Amino acid sequence: MTTLRDITRRATIVTTALIVGLTASYAPSQAAEGEARTTITDHPGAPGTMLRQFEDLTGRPVGDLDKVLAVDTGGRTLTGDQLEALAAGKEVDGVTVVGTIPGGRDVLGTTMADLADGAHDGSGDSGTATSLLFSSSTPDGREWCLTMCVASGKTIWQCLLSRRTGDVIFTLDFAGSTTVGETKAAFEKANGVAVDGPYTVETFSGDGEPSADEIKMLLDGKDIESMRRVATLDGPDRGWALADIAEKSGVVYAKTRGHLFTLNLPILGKILVFCVSQDGGKTWKCSAKQWGGF
């Protein structure tokens with residue numbers, strides 16, 4: 001039987017940004033909670049000035065500049081999902097990423113016009129981007145800031161910063177002989193909070209391990225494409241081994257199998273734990289969101 005001493009703990013920071021769509025015709029207005037807005041007249045050092053202004057406005061650090069994206073939206077209004085996709089390096093239909101510039105002190109000291117051509121080369125006359133997307137993060141990785149600056153005239157840039165503390169997802173490794181009760185106890189210890197249950201366990205099957213984004217979706221109670229739900233069992237016994245749950249749920253074989261446990265945190269509601277195995281149940285990787293307190 002596996003004890004808690006045999007468990008290897010790994011923590012993965014999954015961070016998402018709260019992003020608001022902007023267009024080239026953007027005009028500043030009252031910012032929503034968690035956001036801040038400012039107007040910058042372009043000058044040498046404008047990017048650094050802009051970020052310092054946001055620190056003064058919010059009273060919190062914006063972190064280190066990771067990268068800057070010069071973006072041509074074609075005058076379109078972008079949704080929050082589209083902006084998040086751009087920041088993550090994904091393509092968005094109808095939007096052109098003119099260039100991606102690595103962050104650094106020298107970038108903070110240049111002009112917005114210099115960056116608008118997608119390169120930090122000292123040239124400010126050939127800019128084709130209507131927007132600049134500044135991505136920065138705090139050193140511990142728990143907060144990601146996204147600042148969208150939109151050209152308004154030749155030298156004026158309207159900028160909006162959004163930030164959100166990231167969700168911390170714990171991932172623990174278990175042997176197949178680890179029981180349901182031991183799995184629950186491990187996450188209670190990692191989270192520093194006692195939970196009731198599990199009340200149900202849902203079994204999933206698929207052809208490959210779900211991505212980090214898909215695991216986060218499962219922990220948010222959403223369905224994913226790579227695995228399908230094939231069984232639901234109420235009141236799983238805490239003495240059952242993880243390797244035996246699929247059979248007890250009536251699932252004979254699956255190349256990749258997963259189990260989603262529903263537990264309860266008194267007053268605050270349910271907590272989900274997802275476990276996945278790709279070797280027939282010999283080893284398991286289980287994930288749950290960190291409880292951040294009241």
Side-chain angles (χ1 to χ4, degrees), residues 13-73 78 80 82-89 95 97-124 127-166:
I13 307 297
V14 178
T15 312
T16 58
L18 174 63
I19 311 171
V20 177
L22 300 173
T23 66
S25 60
Y26 165 81
S29 61
Q30 182 63 38
E33 184 179 358
E35 300 169 3
R37 300 184 182 189
T38 191
T39 301
I40 291 290
T41 300
D42 202 10
H43 65 277
T49 299
M50 176 267 297
L51 293 176
R52 286 193 297 273
Q53 285 186 4
F54 279 127
E55 289 185 332
D56 292 340
L57 285 170
T58 63
R60 298 162 63 188
V62 298
D64 299 323
L65 181 62
D66 299 321
K67 61 183 177 181
V68 182
L69 273 67
V71 180
D72 182 7
T73 67
L78 301 184
Q82 288 173 323
L83 288 176
E84 185 173 356
L86 288 172
V95 178
V97 177
V98 179
T100 300
I101 305 158
R105 289 183 177 273
D106 54 338
V107 174
L108 297 177
T110 191
T111 63
M112 298 291 211
D114 174 32
L115 302 178
D117 62 356
H120 174 33
D121 54 10
S123 174
T128 58
T130 57
S131 305
L132 291 172
L133 191 61
F134 294 82
S135 177
S136 58
S137 58
T138 54
D140 61 6
R142 294 195 56 158
E143 189 166 72
W144 187 36
C145 296
L146 192 71
T147 304
M148 192 75 173
C149 291
V150 179
S152 178
K154 199 166 185 180
T155 61
I156 304 299
W157 292 77
Q158 308 284 356
C159 301
L160 179 144
L161 173 141
S162 293
R163 70 167 85 224
R164 182 179 168 188
T165 301

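Note that the structure is predicted; figures quoted are calculated from it, not measured.
- The nearest pair of heavy atoms linking S152 to Q158 is CB-CG, 3.9 Å.
- One finds the SG atom of C159 at 10.0 Å from the CE atom of M148 (value rounded to the nearest 0.5 Å).
- The two residues M112 and F134 come nearest to each other via the heavy atoms SD-CZ, 3.8 Å.
- Here SG of C149 is found 9.0 Å from CG of L161. Values are rounded to the nearest 0.5 Å.
- Here the CD1 atom belonging to I40 is positioned 12.0 Å from the CG atom belonging to L132, to the nearest 0.5 angstrom.
- In this structure, the separation between CG on D64 and OG on S136 is 8.0 Å, given to the nearest 0.5 Å.
- The structure places CG of L133 at 12.0 Å from CG of L115, a figure rounded to the nearest 0.5 Å.
- The two residues D114 and T111 come nearest to each other via the heavy atoms N-OG1, 3.0 Å.
- Closest approach of R37 to L160, counting heavy atoms only: NE-CD1, 2.8 Å.
- The two atoms that bring A116 and W157 nearest to each other are CB-CH2, 4.3 Å, heavy atoms only.
- Between V62 and T147 there is no side-chain heavy-atom pair separated by less than 4.5 Å.
- Side-chain contact between V68 and H120 is absent, with no heavy atoms from C-beta onward closer than 4.5 Å.
- When all heavy atoms of P102 and V107 are compared, the pair lying nearest together is O-CG2, 3.3 Å.
- Proximity of V150 to T130: side-chain heavy atoms (C-beta onward) are nowhere separated by under 4.5 Å.
- From I101, atom CD1 reaches atom NZ of K67 across 12.0 Å, with rounding to the nearest 0.5 Å.
- Here the side chains of T41 and I156 are in contact, with some heavy-atom distance below 4.5 Å.
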